[in-house]
Each structure stands twice: as C-alpha cells, then as structure tokens.
Protein chains: 2
Amino acid sequence: MALADEAGLDGLSMRRLATELGVVPMALYKHVANKDELLDGIIDAVVSEIELGPAEGDWKPAIRSRILAARQALLRHPWASGAIEGRRNPTPAVLAYMDSIIGLFRAGGFGVDEVHHAIHALGSRILGFSQELFDDTPADPDAQEKAAHAMAATFPWLAEMALRVAHDEKTVVGSGCDDQFEFEYALDLLLDGFERLRQAG
Amino acid sequence: MALADEAGLDGLSMRRLATELGVVPMALYKHVANKDELLDGIIDAVVSEIELGPAEGDWKPAIRSRILAARQALLRHPWASGAIEGRRNPTPAVLAYMDSIIGLFRAGGFGVDEVHHAIHALGSRILGFSQELFDDTPADPDAQEKAAHAMAATFPWLAEMALRVAHDEKTVVGSGCDDQFEFEYALDLLLDGFERLRQAG
DNA sequence: TGGTCTAGGTGTACGCCGTACACCCACAGA
DNA sequence: TCTGTGGGTGTACGGCGTACACCTAGACCA
C-alpha cells in the first residue's frame, strides 16, 4: 500500500496512483474511504518507520535521539512533513509516537503540565521537521550573493545575513546554512530550556 | 483587492472570488498572473498590518512585543498562517518584517551567526504562529474526557495529559490549554535561551 | 472629429481533480 | 447449485486553474 510513496511525490492524485498501480481510479475506493484516509495511511506508514531506540538513561539524550530518529525518517520521505501539516486529526502512529515521547519526559521527572508546555513548545519539531518561512536552499552561492547585494538597500539586515551564509558556503570551512545543524541547535536550546525551567521549579 | 480576504476563507478559489466581485473568473487574470501571485498579495496585505511598535529599549521585550503583534495580526485572519505555509518564496512584506526582527537582534548585540540560528530556531513562531501537530480545540471537555479515558489503555501518557487538560478546562480556575499562554511560554523559553547562549559566548 | 491604443471585462474550452452510482465478475461457503 | 461478497470497471458530475480569442469604453493625439 505504502509502496506508492516512493514514486508518488506531493502531487499525488488518486488517478495518478491508480494508473501507477495499473488499475482504474475508483478501484482505490474499495480500500480507502477517501483521499484523506489514504494520506493518513501513508503518514502512519512513515511514522511507524521511526526507530524508537532504548528508553533508558537520561531523559535528555533519549528524547534528543528519538526526535532525531524521527527527523531521519521524515527526511527519507520529503513529502511527509507537508502531508502531516494541515491534517486535522492525528493518525494512530503519530499518537503512539507522541505517547512515547511524553513517556520519556515523565520518566525524566517532568510533571504533567511541564510536559504539556514542552510538547507545545516543540511543536512540529517533535516529529523532526521545523516549519521554515521559506526555502533557503535554492541556488548556488554566487547567485545568492548577487541577490543579497541587490536587496542590501531595502533590507540591510537580511542582506547582511544572507551574505554571511553565502560566504560560508563558498569557503568550504564554514558551516553555511546546515539544516541539520540548525535543527539540532534549536532542539538542544529547547531541551536545555526545559531542564532549566524544571530545576527552577 | 485584499477586500476578498474577509469573506474568503481558505477555500478561496478564483471562481468564487470572481463571483464575489460580480465579475467573470478570467477578469482576475488582468490583475494577477496566477493564483499564487494573488495569494502573495493578500499575504502581504496581512503582514503589512503588523504593528512594529517602538524599536528602542531592551532587545528582548522589543522582539517579544513585535512577535506578539504579528500573532495578533495573524489571528485576525485565521487562514493567513495556512497560506504562508507552503509558500516557497517569501513576499516583500514578509522580508521587510524579518529584516526588522533581525535588526532588533543585531541592535541588541547579537552577532550575525547568532541571529541566523535564532531565526531558524524561532521558525514560523517569528510570524506569530506555531505549527501544532493537531488541533486540540475540537470539543467540549466532557467529550474530551471520554476520549481520553478510551485511549488510556493504549496511550497512557497521552491520556494522562489529555485528562489533565480536560480537567483544567472544566474547573474554571485552571488555564487548561490556552494557546496564547503556550505561545508566550515557548517564545520566552526561546528568547531566554538566546540570551543565555550569547552570554555564554 | 476621427483614428488608434489600451486597460479591463467576457465566453469558450481544456485537462485536471475527487468521488457518487450502478454494474459486473470470480470465487468461497452453504 | 445457489448466493453472497470483495474488488475491479465505466460513466458522469461538479469544481478547479487557466490558455486563448474576442469585445468594449474610454484616453490620447492629429
């Protein structure tokens, strides 16, 4: 069933999926009630791929590695994060995953309310993706640098930052804008914050 | 032009908008190249509503209040956050807003890289909305409590949390699941984190 | 005054989408 | 042998974004 996710991009339509399976579109409706249910299905398939890993030891590395595992699973299927957004009701596998994360927090000594806040603060990051306002991985550094210079007059700060990123990408030494780094940076920032808040009481 | 955003919900279609304006669908294409451009237009209109407020004083309250102002603007137009997601290229007004935020950070003494990380860590929260995995505002507390009990067997931690929230909502005293509170909580957590990291070097 | 230019509205049409409804067949169990 | 029934089929509807050709009311200038 979820075989369809390899070939099928985000522009996945019932008709396309059907022909992909060598079948007539309406045949799909013998297996799923509607497209939403199908999406729920493939989301569940992806989320079930997340390797939970051991639940022992410190809560922080445990949660950290579990979330990073989720990120790996989601990165394997780039369309998945897009599919999860906008879905109104969580699928069972998502619920199970969330439950496991909450369990780690609770085992680490967090109170119910603290975990509740933490879940909200993590938001979609809990599933390994963060919602950026825009793709910043479009072009080669040279073009990016050109664009940055062009907007230096209207958006000086933005341009300054863009230039720095473009420069870092050209000189291989710099980390440039490394999504994985940014993700872990933000994740650690949040986890540290949770820990500090808990200790503060 | 942006008048269309009042009546038009997320199920906004060129045809619907056209009839709303008492005009034939194709007439719209004399003003915008395609639907994406129209969306960019109304997004810009909403983002331009954000009141920037004064840029003086401490960086933290300044940024905090500016982001909360963005949240107010976005809350006035519930469809806007959905529209901003998935847009590949940022609109000019979004760029201007981001530039202003970066400016506040820089004026507060943050280095270019530090701001860069901060922007990524904030993600969509910078525009006043956070991407939740699912709506948790569906039903009355009683039904919610029922559902929570039902899933206590399979998802104990989740159920525990859901019960707490439902309970808090019933006894008026508790904050329950207050989106505004959660948002500010996470925002402050991040801002505090930025400050701490900067002081640490 | 007449001629041309043009901004904006119109009508028709195409190819896509999700899916309702009626049909039909192969086969399992009685 | 009859009868369900699970799963594939065909047709059709209404909605979508939008390409293309056409028309019209004014603006502008000679």
Side-chain angles (χ1 to χ4, degrees), chain A residues 1-48 77-94 133-135 138, chain B residues 1-48 77-94 133-135 138:
Chain A
M1 194 67 101
L3 343 161
D5 83 315
E6 303 137 20
L9 68 165
D10 197 29
L12 161 81
S13 74
M14 298 301 260
R15 293 171 134 97
R16 214 154 123 38
L17 170 61
T19 58
E20 203 94 6
L21 299 183
V23 107
V24 86
M26 283 312 291
L28 301 177
Y29 288 87
K30 291 296 157 85
H31 304 269
V32 294
N34 48 45
K35 189 176 183 178
D36 279 2
E37 196 175 295
L38 182 143
L39 282 183
D40 281 355
I42 63 177
I43 287 175
D44 253 29
V46 171
V47 173
S48 301
H77 310 283
W79 49 266
S81 61
I84 293 176
E85 298 174 19
R87 192 117 244 86
R88 54 191 102 268
N89 298 314
T91 67
V94 171
L133 271 338
F134 44 87
D135 288 357
Chain B
M1 194 67 102
L3 343 162
D5 84 314
E6 303 137 19
L9 69 166
D10 197 28
L12 161 82
S13 74
M14 298 301 260
R15 292 171 134 98
R16 208 148 129 41
L17 170 61
T19 57
E20 202 94 6
L21 300 183
V23 107
V24 87
M26 284 310 293
L28 301 177
Y29 288 87
K30 291 296 159 85
H31 304 269
V32 294
N34 48 45
K35 188 176 183 179
D36 279 3
E37 196 175 293
L38 182 143
L39 282 183
D40 280 356
I42 64 177
I43 287 175
D44 253 28
V46 171
V47 173
S48 301
H77 310 282
W79 49 266
S81 61
I84 293 176
E85 298 174 20
R87 193 118 245 85
R88 54 190 100 269
N89 297 314
T91 67
V94 172
L133 271 339
F134 44 86
D135 287 358

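Hydrogens, waters and symmetry mates are skipped; everything else that's a heavy atom, side chains included, is used. So you know, we letter chains A, B, ... as the sequences are listed, proteins then strands, and number each from 1.
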*Asks:* Just checking, is any N or O donor in the side chain of A/Asp44 or A/Thr91 under 3.5 Å from an acceptor N or O on the other one?
*Replies:* yes
*Asks:* Can you check whether B/His31 has a side-chain N or O nearer than 4.0 Å to OP1 or OP2 of C/dA7?
*Replies:* no
*Asks:* If you find the nucleotide of DNA chain C closest to A/Met26 and the one closest to B/Ala27, which residue's nucleotide is nearer the 5' end?
*Replies:*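 That would be B/Ala27.
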*Asks:* In whole angstrom, give the distance that lies between atom CG of B/Leu12 and atom C1' of D/dG17.
*Replies:* 12 Å
*Asks:* Could you please name the option among C/dG9, C/dT19, D/dT9 that lies closest to any side-chain atom of A/Val24?
*Replies:* D/dT9
*Asks:* Is the shortest side-chain heavy-atom distance between A/Asp40 and A/Val32 below 4.5 Å?
*Replies:* no
*Asks:* Rounded to whole Å, please give me the gap between CG in B/Leu39 and C1' in D/dC16.
*Replies:*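 The answer, rounded to whole Å, is 14 Å.
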*Asks:* Just the rounded figure in Å: distance from C1' of C/dC17 to CG of A/Leu38.
*Replies:* 15 Å
*Asks:* Taking B/Ser13 for the side chain and B/Arg16 for the main chain, is one N or O donor matched with an acceptor at less than 3.5 Å?
*Replies:*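 A pair under 3.5 Å: yes.
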*Asks:* Can you figure out which of C/dG9, C/dC17, C/dG11 approaches the side chain of A/Arg15 most closely?
*Replies:* C/dC17
*Asks:* Looking only at side-chain atoms of A/Lys35, point me to the closest of C/dT10, C/dG18, D/dT18.
*Replies:*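 Per side-chain heavy atoms of A/Lys35, the pick is C/dG18.
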*Asks:* Using a 4.5 Å cut-off on heavy atoms from C-beta on, say whether the side chain of A/Trp79 contacts that of A/Ile42.
*Replies:*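 Heavy-atom side-chain distance check passes, below 4.5 Å.
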*Asks:* Please report the distance, rounded to the nearest Å, between CG in A/Leu17 and C1' in C/dC17.
*Replies:* 14 Å
*Asks:* Can you check whether any acceptor in the base of D/dG8 is under 3.5 Å from a donor in the side chain of A/Lys30, or vice versa?
*Replies:* yes
*Asks:* Could you check whether any side-chain heavy atom of B/Ile84 comes within less than 4.5 Å of a side-chain heavy atom of B/Val46, counting everything from C-beta outward?
*Replies:* no
*Asks:* Over how many whole Å does the gap from A/Glu37 atom CD to C/dG18 atom C1' extend?
*Replies:* 14 Å
*Asks:* Check the distance between C/dG9's P and B/Met14's CE and give it to me in whole angstrom.
*Replies:*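 The answer, rounded to whole Å, is 13 Å.
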*Asks:* For the pair made of CZ in A/Arg16 and C1' in C/dC17, what is the distance, rounded to whole Å?
*Replies:*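 Spelled out: CZ on A/Arg16 to C1' on C/dC17 is 13 Å.
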*Asks:* Send over the distance from B/Leu21 CG to C/dT10 C1', rounded to a whole Å.
*Replies:* 15 Å
*Asks:* Start at the 5' end of DNA chain D and walk down; is the nucleotide closest to A/Val23 or to B/Tyr29 reached first?
*Replies:* A/Val23
